**Q** 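There's a structure below that I have some questions on.
What's counted below: heavy atoms across the whole structure, side chains too, no hydrogens, waters or symmetry copies. This structure is a prediction, so every number in the text was calculated from the model and none was measured.
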Number of protein chains: 2
Amino acid sequence: MAGIKDVAARARVSVATVSRVLNGHPAVRPGTRERVRAAIDELGYRPNGVARSLRTDHTSTLGLVVSDVLNPFFTALARAVEDEARAHGYSVVFGNADEQSALQDHHVRTLLERRIDGLLVSPTADSASLVTEVAGSGVPMVFVDRWIAGCPRVPVVRTDGRAAIAALVDHLHRLGHRRLAVITGPATTTTGNERAEAFLGALAAHGLPAPAHYREEGDFQAGSGRRATARFLDLPEPPEAIFATDNLMALGAMDEIRARGLRVPDDVALAAFDDIPWFLHTDPPVTAIAQPTEALGHGAVRALVDLIEGRPATSLTLTADLVPRRSCGE
Amino acid sequence: MAGIKDVAARARVSVATVSRVLNGHPAVRPGTRERVRAAIDELGYRPNGVARSLRTDHTSTLGLVVSDVLNPFFTALARAVEDEARAHGYSVVFGNADEQSALQDHHVRTLLERRIDGLLVSPTADSASLVTEVAGSGVPMVFVDRWIAGCPRVPVVRTDGRAAIAALVDHLHRLGHRRLAVITGPATTTTGNERAEAFLGALAAHGLPAPAHYREEGDFQAGSGRRATARFLDLPEPPEAIFATDNLMALGAMDEIRARGLRVPDDVALAAFDDIPWFLHTDPPVTAIAQPTEALGHGAVRALVDLIEGRPATSLTLTADLVPRRSCGE
DNA sequence: CAGGGTCGTGGAAACGATTACACGCGGATT
DNA sequence: AATCCGCGTGTAATCGTTTCCACGACCCTG
């Protein structure tokens with residue numbers, strides 16, 4: 001492939017001049033600029049970003065490590081991140097950790113070797129990971145959705161679902177449900193903890209019981225939601241309502257409920273954290289807690305870009321909304 | 001950040017030796033290797049992939065440009081691609097074209113500048129795009145799912161849905177539906193055309209009518225499915241069944257049907273191309289044509305890696321299966 | 001008309017790795 | 001004993017850019 005030297009030769013200028021027109025440097029005579037442009041077109045020259053990055057020490061690339069691409073929440077987030085990043089002149093390299101901390105480390109490592117300018121992470125569990133180490137190392141980084149406690153210098157862009165969860169428990173209580181169960185995320189994720197605690201707190205506020213067997217830990221994937229639901233339904237006194245702390249576990253819960261020939265909400269009510277388009281069309285439509293996913297992605301990128309460009313970056317906490325549908329009853 | 005020189009100094013060897021242990025070159029005395037390893041750890045050294053890529057002229061990176069990340073089919077594909085790529089030692093940079101050819105070009109351009117080793121594209125419409133130009137330029141490239149006619153040297157990894165579509169028309173016919181409508185993809189996409197033609201062909205084989213007003217062109221996004229369905233339902237004699245050629249347009253169709261207070265399948269039957277987990281839980285479950293998405297992603301990466309490593313690459317055509325559910329009737 | 005700016009351009013030194021080549025040393029071969 | 005070979009290591013060129021500095025031409029000012 002043609003290099004800058006070839007362009008220079010063809011345009012009868014030096015490589016320095018070619019570089020200048022490439023980068024929009026003003027001190028180039030219009031005529032010269034035209035000659036260079038022409039040479040570039042004729043040769044089909046494309047600047048070598050690798051060489052440029054080596055020289056300038058930045059790659060115009062952001063890394064985004066999410067825990068599960070198949071989760072519609074994260075794909076929506078990824079899309080929002082990419083849009084905002086592009087608006088700032090960055091591209092995005094994605095890594096899918098599949099909820100495994102080893103895979104997460106793998107991606108962080110390769111992203112770092114690629115010398116991305118900044119890192120967006122929605123950390124999975126295990127805080128003994130590379131992420132903690134990197135957090136201290138000066139690489140611009142921001143947590144999105146989830147975070148790791150004890151990384152004080154890393155901004156967090158997330159949504160606080162506590163009010164919405166309280167509203168959900170209100171809603172369930174008003175519909176007459178008293179035995180409420182929850183499928184939490186891994187105890188090692190912040191979101192998992194926060195959502196579970198908010199739920200338990202809301203139960204207490206209503207004077208509702210919160211026995212240990214009405215709480216199962218899942219891993220944010222459909223299979224675990226299904227298994228947790230099976231254990232609930234096997235109880236001598238199964239819950240009247242189940243709250244899944246993410247959409248995939250809610251999907252698994254529906255699987256199990258349906259497999260047993262039970263009906264939502266008549267036999268058991270269901271609600272989920274994270275709203276997604278499909279919830280409108282399930283049988284019945286699922287009441288969910290909607291995060292402002294786009295704002296989350298945009299805010300995270302803005303914080304990261306601030307950090308990269310040397311401005312102070314701010315954490316950002318958004319709020320979620322309850323979207324009642326039929327899956328909890330009338 | 002520490003460089004190879006710092007490591008060399010600390011281990012009291014030359015940079016060449018450090019490079020050798022980095023790359024597993026055998027001709028290093030075990031003792032030396034150990035000293036270097038220790039120095040690397042102590043400094044927290046991470047090789048600079050940018051410099052390495054410049055020197056070696058490869059980046060161990062593949063580019064994947066899909067038309068819509070929010071489409072579950074493509075996110076499943078992306079995941080399969082990433083898995084297989086990782087198994088071969090490559091990482092993947094994704095670009096989301098959002099069905100816009102300008103955005104697609106943008107991504108192709110930046111990927112090329114980043115000097116990715118190979119490109120996987122599911123091209124959107126517009127064949128006058130950069131993609132066609134690149135196809136001829138010697139950059140390893142393979143088309144996945146969709147392709148562009150007239151790029152003879154670019155392998156295509158895709159699924160042939162014709163048999164499954166014929167089976168679907170059989171299925172609909174057997175259930176008593178006679179007035180069948182189709183929402184196609186953009187005429188400029190190969191998949192859009194193939195699916196529409198297969199459907200029309202199957203109608204003809206059954207002696208069913210195929211009036212022009214039973215065919216609407218969508219853009220593979222939910223909104224267009226909804227609008228097309230609205231036009232169908234406004235017809236004096238609306239169709240008895242609607243076939244959406246992708247899952248998002250099917251979602252839009254359900255939106256519209258439900259908004260009018262009609263029921264699936266009693267008032268109108270619905271089927272979709274591309275099966276996704278949510279279709280099991282919609283009301284009613286929708287019959288779909290399932291592509292072997294994983295095999296598609298894996299096959300595409302293998303073909304691309306073959307190309308990159310100088311082996312002959314082969315096109316691959318898989319087949320799809322009809323998964324009957326309740327949305328077409330009993 | 002001398003001195004000082006500005007403007008457009010070119011020469012060459014980085015950036016951080018990989019790798020061809022050279023070298024010194026010890027053991028085996030003759 | 002002379003030669004050769006292979007092993008472990010170092011020196012330095014190289015990849016394709018950006019960018020600092022220098023330089024000549026020109027214009028302005030005093």
**Q** Distance-only, no hydrogens or angles: does the B/Arg33 side chain make a donor-acceptor pair with backbone N or O of B/Val28 under 3.5 Å?
**A** yes
**Q** Between A/Arg46 and B/Glu133, does any side-chain N to carboxylate O distance fall below 4.0 Å?
**A** yes
**Q** Which residue lies toward the 5' end of DNA chain D, B/Arg33 or A/Gly3, if each is placed at its nearest nucleotide?
**A** B/Arg33
**Q** Can you tell me the distance, in whole Å, between the CG atom of B/Asp6 and the P atom of C/dC15?
**A** 11 Å
**Q** Whether B/Arg35 and B/Glu42 form a salt bridge (side-chain N of Lys/Arg under 4.0 Å from carboxylate O of Asp/Glu) is what I want to check.
**A** no
**Q** Strictly below 4.0 Å, N to O, side chains only: are B/Arg109 and B/Glu113 in salt-bridge contact?
**A** no
**Q** Please report, rounded to the nearest Å, how far the P atom of C/dA20 is from the CG atom of B/Asn23.
**A** 12 Å
**Q** Measure from the side chain of A/Arg29, starting at C-beta and using heavy atoms only, and say which of C/dG8, C/dT18, C/dA12 lies closest.
**A** C/dG8
**Q** In whole angstroms, how far is the P atom of C/dA17 from the CZ atom of A/Arg115?
**A** 7 Å
**Q** Expressed in angstrom and rounded to an integer, what is the separation of A/His58 atom NE2 from C/dC15 atom P?
**A** 17 Å
**Q** For a quick check of understanding: with a heavy-atom distance under 4.0 Å over all strands, which category does B/Val18 fall into, base, sugar-phosphate or nothing?
**A** nothing
**Q** Both A/Arg12 and B/Arg46 contact DNA chain C. Which one's nearest nucleotide lies toward the 5' end?
**A** A/Arg12
**Q** In this structure, how many angstroms lie between the P atom of C/dA14 and the NZ atom of B/Lys5, rounded?
**A** 10 Å
**Q** Can you tell me the distance, in whole Å, between the CZ atom of A/Arg35 and the P atom of C/dT9?
**A** 8 Å
**Q** Can you pull the contact range of chain B along DNA chain D, 5' to 3', using atoms under 4.0 angstrom from its heavy atoms?
**A** D/dG8 to D/dG16
**Q** Does CZ belonging to B/Arg12 count more than 12 external heavy atoms closer than 6.0 Å?
**A** no
**Q** Does C/dG10 have its OP1 or OP2 closer than 4.0 Å to a side-chain nitrogen or oxygen of A/Thr17?
**A** yes
**Q** Quick one: do B/Asp83 and B/Arg79 make a salt bridge, cutoff under 4.0 Å?
**A** yes
**Q** Looking only at side-chain N and O atoms, does A/Thr32 come under 4.0 Å of OP1 or OP2 in C/dT9?
**A** yes
**Q** Without decimals, in angstroms, what is the distance between B/Arg20 CZ and C/dT19 C1'?
**A** 8 Å
**Q** What's B/Val50 touching, base or sugar-phosphate or nothing? Going by heavy atoms closer than 4.0 Å.
**A** nothing
**Q** To the nearest Å, how far apart are A/Glu34 CD and C/dG8 C1'?
**A** 16 Å
**Q** Is the shortest side-chain N/O distance from B/Arg55 to OP1 or OP2 of C/dT19 below 4.0 Å?
**A** no
**Q** Side chains of A/Arg146 and A/Thr124: is there a donor and an acceptor less than 3.5 Å apart?
**A** no
